[in-house]
*Asks:* 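Mind having a look at this structure? Questions to follow.
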Amino acid sequence: MHINGQYFQTIWADWHQSELMIIDQKKLPFQINIKKLKSFNDSFQAIANMEVRGAPLIGVTAAYGLWLALNEFHNDSDFRDDFLLACKTMKKARPTAVNLAFGVDKVCDAVNGVEDIARARELAFQCAELLKSEEIACSEAIGEFGCELIEQIWIEKGRKTVNILTHCNAGWLACIDWGTALAPVYKAHLKGIPVHVWVDETRPRNQGSKLTAFELHHEGINHTVIVDNAGGHLMQHGMVDMVIVGSDRTTRSGDVCNKIGTYLKALAAFDNKIPFYVALPTSSIDLTIKNGAEEIPIETRHDAEVRYAEGENGKTLLVPEYSPVVNHGFDVTPARLVTSLITERGICPASEDGILSLFAVKH
Ligand code: MRU
């Protein structure tokens, strides 16, 4: 997608320089800073510190990070143990998005059994490049499927602007290009369907007001930033036609884990009979678990993110020092509150049968 009219992806690699380039998302929207990652540790830190974030982008960065790890090993004969340790370590960079393990396992499988380190480097790089292009294709397909849902609502409401509420950032900045929840919005806009997006600010890190608003602005999409608690009020007053969010991990039974606050939006949407869609690539589905609330590891981040607000001119204390604070990064929306899942393989009910039907079709 675009920044100031120039086409960008969130990550790109230079094989010859052994470097990875990212847009440092901690600096957005106030500075557009391209950062070089030159080592395994650089890529690990970029994920852990959220210079890159969003489930698909975390997975792709991890895959390239393992290529960088192989570039750092000098002992040709016994790089395998070090490599397996790097894979294990990388999986710990953040706990919730299953795409992290997905990306690591892809590279690990590609390199499995290879004894020549130069060949292992080539295979790891090719694998990361392929994963990146597959994620772009998934996002674009999600966009096409989701656009049909927006178009349907547009026709039903007499071709008036479709109001879509989203939470956090599940746009191209969370992926490589297009996004998940925002891909249908971009496709609808390109098709001439008038859309307006209600952007939850998404405290504590403000991925909504900082990243979603930024990318919608640069694509010329009508949008309004709202406080996180406004959604229910807007829904009661007929100002939301549909909700679309992303997911960091969706269980085999259709429970959806996404940024903290998503569950409350789903409850409000359910109460107001507003469709609640989750857009995700199948790389965000964890077929090994069923019960999201019990089985998905929820990231707890530093309390400073809640205690301070971070803006263009630095940090401001919001919470008195004497009050304890807790910072859970994600929550789980039970499948029963999800209207449908929008994936690159099609739209399906948020249920085990629905999800398995996606995998039954050969792609
Ligand atoms: O903590 P973040 O910014 O990595 O959380 C991102 C989200 O919750 C997104 O909604 C999710 O990763 C889906 S990304 C297409």
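Atoms within each ligand, like the ligands themselves, are counted from 1 in listed order. The model shown is predicted, which means the values in this text are computed figures rather than measured ones.
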*Asks:* May I ask you to list the atoms of ligand 1 that are less than 4.0 angstrom from any heavy atom of G54?
*Replies:*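 Matching atoms, with element in brackets: 4 (O), 12 (O).
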*Asks:* So M90 and I47, do their side chains get closer than 4.5 Å, heavy atoms only?
*Replies:*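 Of all side-chain heavy-atom pairs linking M90 with I47, at least one is under 4.5 Å.
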*Asks:* List every atom of ligand 1 that sits less than 4.0 Å from any heavy atom of K259, numbering the atoms from 1 in the order shown and giving each element.
*Replies:*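 Every atom of ligand 1 under 4.0 Å from some heavy atom of K259: 1 (O), 2 (P), 5 (O), 8 (O).
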*Asks:* Report, in ascending order of atom number, the atoms of ligand 1 lying under 4.0 Å from any heavy atom of C175.
*Replies:*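 Those qualifying, in numeric order: 15 (C).
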*Asks:* Run the salt-bridge test on D286 and R249 with the 4.0 Å N-O cut-off and return the result as yes or no.
*Replies:*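 Salt bridge flag = yes for R249 with D286.
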*Asks:* Pick from P281, S283, C175: which one makes a side-chain contact (heavy atoms from CB on, under 4.5 Å) with C138?
*Replies:*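 Only one option passes, and that is P281.
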*Asks:* For A55, take its heavy atoms, then give the atoms of ligand 1 lying under 4.0 Å from any of them.
*Replies:*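 The list of qualifying atoms is 12 (O), 14 (S).
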*Asks:* Suppose we measure from atom 11 (C) of ligand 1 to each protein heavy atom; which comes out shortest, and what is that distance?
*Replies:*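 Here the closest protein heavy atom is D248 OD1, 3.1 Å.
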*Asks:* Under a heavy-atom criterion of less than 4.0 Å, does H167 contact ligand 1?
*Replies:*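 No, H167 has no heavy atoms under 4.0 Å from ligand 1.
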*Asks:* Run the numbers for me: atoms of ligand 1, each under 4.0 Å from some heavy atom of Q207, listed by number.
*Replies:*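 By the 4.0 Å cutoff, the relevant atoms are 1 (O), 2 (P), 3 (O).
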*Asks:* Which of these, E151, E148, E140, sits in a side-chain hydrogen bond (donor to acceptor under 3.5 Å, both in side chains) with K187?
*Replies:*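 Of the listed residues E151, E148, E140, the side-chain hydrogen bond (donor to acceptor under 3.5 Å, both in side chains) partner of K187 is E140.
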*Asks:* Looking at K132 and E135, is there a salt bridge between them, counting it only when a charged N and a carboxylate O are closer than 4.0 Å?
*Replies:*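 Looking at K132 together with E135, the answer is no, because their closest N to O distance does not fall below 4.0 Å.
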*Asks:* Do E299 and R301 sit within salt-bridge range, that is, some charged N less than 4.0 Å from a carboxylate O?
*Replies:*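 Salt bridge between E299 and R301, a charged N being under 4.0 Å from a carboxylate O: yes.
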